[in-house]
Amino acid sequence: MSDTTAGGVASADVPMVLAEQVTKSFGSHEVLKGITLEVKRGEVMCLVGPSGSGKSTFLRCINHLEVLSAGRLSVDGELIGYRESNGKLYEMAPKEAAKQRRDIGMVFQRFNLFPHMTALQNVMEAPLRVKGLPKAQVESTARELLARVGLADRADYYPAHLSGGQQQRVAIARALAMEPKLMLFDEPTSALDPELVGEVLDVMKGLAKEGMTMIVVTHEMGFAREVADSLVFMDAGVVVESGLPSEVLANPRHARTQAFLSKVL
Amino acid sequence: MSATNVNGAAAGSTPPLREAASTSEPIKAIRLRHPWRVVFAVLLVAIFAIFVIDAAFRPAYDWPSVGKYLFDRRISMAALVTLELTVFSMVIAIILGVILAVMRLSPNPVVKAVAWFYLWIFRGTPVYVQLTIWGLISLIYTSIDIGLPFMTPWVSFSTNAALNTFTLAVIGLALNEAAYMAEIVRAGLLAVDKGQEEASVALGMSWSQTMTRVILPQSMRVIIPPTGNEVISMLKTTSLVTAVPFSLELFTRSRDISAETFNPIPLLIVASIWYLFFTSILMVGQYFLEKRFSRGVGDRQADKPEPGAGTGAITGVMPVVGAGQPTVIVPPKQNNPGTPGDGGAR
């Protein structure tokens, strides 16, 4: 798990995520207007910005939950959703897209745990069904993961019997169970009571320390300042400003960033 | 709030605590009276009593015959056949309905169109007409051939020999019902939060895995109650299989007997009593099934109630046992008691 370069050792210089002029429209409404950015291996990037700025949409494009309208997006040197040969793009079969998603973990704002399964079953489901690993092995890994997010004693609880913070930690463990090389967090603490935010952020900090490549859409500026290697401010579908979190947060250059930060900080 | 001044003195300077509120006395007030309800109730009971007394002595009802035929062997056997028709057709209809519903929601347009066409045909024509056509199937297709088109078939057998009227009745009822079951199942599938599908897909699960492992098990809570309704409805629809013509079920059997006795009314009462008996049992069963499946919804949350909504519109807790089998109607064991509306921290 800590070895995030697994599977891509030879291509250590290839960025984990490379977005070039990523554009996404819903009907006539253009949500992303050409996003270009790069996330290096082991980097923690925080995406911030007002709601409706396209942060979540961009995140969802990365694991192909949304299909791009224009531009290119690749993860670990592999084009997402398409195959390229002889200069032509071929749409991927659902099976291939599913295969790409295996390596990209996603954590949702509203947890989206499977309510009819216990915490342990939630974590075990994908390795069992998708990877087809033996049950005993999957269970011991799942218990380790639950222990890692501090929920070893909650393994047999159903999501309805867990607090929001506990549910989100199970969701993180569920994503980690697939041993992803990239983790996407879509406002992971926005649906939580303020007192429960800390426990989720702590788990994420631990993950960052272990070298996981992470893209985090968040409003937690403290987390961004402390953990992130880079901070990207988005507004109205474009990247307004990006750089080191300490710099962007302390001395925002753009007026829109200043206006946003003055409200959030 | 009415409690505050009662315990205010006891609490002294400290603000009144909530547990102290239990010492307050219950409100003593003269209850609002509803005289008209009583009047109407008495009136209705009186009218009903007159009807019952009158019916008891009216010769046309022929109560002795009702008693004689109620447990007549022919009738009780027919009741059993009616039950068999109901069970067989419902089981097939539920399986087929689930398949059709999943097909309708499939991303594959061909599969979707097939399901739509099926529904169009079987919902668009009366079940009585369908049953009649099934009865005439051996006239349309005299033999069932297996082989390549326009070639000598490998295997061939007579339709009449292969399909008796009972089988045709079951096929007719099941195929019609499947169309309605498909809509019920589809509603259940659509009731599952979209986030569940996304979470499943994001984990790399395929569409079919997402359906069978995540969406279908959660939709059961929505699917069960109307399915119970359909079972009761099916029990009564079996009386139409006389169109096939299949004559051994309850209604046709009692009609046949009354054709010999020239006394139809007592036999209609006998048949009605049997139908009522079965539907009553089914209603009781449905009540418990619904109670079971509404459990865990809005269940206790250690956190604020809101994040519960985050796990989807349905927070019903069902175990994975049998989750892959969409036909499971038997309520699985649940380990979280609680009723809807008792949410909130305890």
Side-chain angles (χ1 to χ4, degrees), chain A residues 60 62-66 94-95 97-118 121-131 154 156-168 170-171 174-175 177-178 180 184 186 190-193 195-196, chain B residues 106-108 192-210 212-221 293 295-324 332 334-336 338 343 345:
Chain A
R60 292 160 61 83
I62 297 176
N63 72 349
H64 209 50
L65 280 179
E66 304 287 355
K95 250 187 199 152
K99 206 167 187 180
Q100 284 188 330
R101 290 198 187 98
R102 288 186 197 184
D103 298 333
I104 305 171
M106 181 141 189
V107 174
F108 298 86
Q109 180 179 355
R110 323 209 101 224
F111 331 134
N112 296 354
L113 286 180
F114 305 134
H116 57 303
M117 301 181 191
T118 63
Q121 287 166 339
N122 262 284
V123 179
M124 288 172 65
E125 183 66 14
L128 268 184
R129 309 284 154 189
V130 179
K131 287 192 170 170
R154 293 287 190 273
D156 297 323
Y157 281 55
Y158 284 95
H161 291 177
L162 297 173
S163 74
Q166 290 170 334
Q167 287 189 52
Q168 193 61 299
V170 173
R174 180 176 68 172
M178 290 299 282
L184 308 174
D186 189 2
S190 298
L192 297 178
D193 274 350
E195 57 189 323
L196 301 175
Chain B
S106 157
N108 181 339
V192 177
D193 183 53
K194 191 89 173 61
Q196 289 293 308
E197 190 188 332
E198 283 186 351
S200 173
V201 165
L203 283 168
M205 286 167 83
S206 69
W207 183 80
S208 60
Q209 282 174 330
T210 303
T212 53
R213 299 288 307 167
V214 177
I215 312 288
L216 262 174
Q218 290 184 58
S219 62
M220 289 310 267
R221 191 183 61 85
F293 272 87
R295 268 198 214 173
V297 181
D299 206 284
R300 182 174 71 91
Q301 298 278 330
D303 193 18
K304 60 177 178 178
E306 257 311 297
T311 55
I314 290 157
T315 39
V317 175
M318 281 179 270
V320 224
V321 185
Q334 297 193 347
N335 61 353
N336 57 327

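Scope of the values below: all heavy atoms of this structure, side chains included, with no hydrogens, waters or symmetry mates. Throughout, protein chains are lettered first and strands after them, A, B, ... in sequence-line order, and every chain is numbered starting at 1. Remember, predicted model here, so these are calculated numbers, not experimental data.
- Atom CZ of B:Arg213 and atom CE of A:Met117 lie 5.0 Å apart (nearest 0.5 Å).
- For the set B:Gly204, B:Ser206, B:Pro107, the entry with the most heavy-atom pairs within less than 4.5 Å of chain A is B:Gly204.
- Residues B:Ala202 and A:Phe108 share a closest heavy-atom pair of CB-CZ, 4.0 Å.
- Scored by the side-chain hydrogen bond (donor to acceptor under 3.5 Å, both in side chains) test, A:Gln109 finds no partners at all (sequence neighbours excluded).
- Most heavy-atom pairs under 4.5 Å with chain B, from the set A:Arg60, A:Arg102, A:Gln168: that is A:Arg60.
- Residues forming a side chain to side chain contact (heavy atoms under 4.5 Å, CB included) with B:Lys194 (at least two apart in sequence, or on another chain): B:Glu197.
- Residue B:Ala199 comes nearest to A:Phe114 through the heavy atom pair CB-CE2, 4.2 Å, listed as atom of the first residue, atom of the second, then distance.
- Proximity of B:Gln196 to A:Pro115: side-chain heavy atoms (C-beta onward) are separated by under 4.5 Å at one or more points.
- One distance of note links CZ of A:Arg129 with OG of B:Ser208; it measures 11.5 Å at 0.5 Å rounding.
- Taking 4.5 Å as the limit, every side-chain heavy atom of A:Val130 sits out of range of all side-chain heavy atoms of B:Leu203.
- In A:Lys131, the NZ atom is crowded: over 12 heavy atoms of neighbouring residues, nucleotides or ligands sit closer than 6.0 Å.
- Considering CD of A:Glu125 and CD of B:Gln209, their distance stands at 8.0 Å, rounded to 0.5 Å.
- With a 4.5 Å cut-off on non-hydrogen atoms, A:Leu65 touches chain B through its side chain but not through its backbone.
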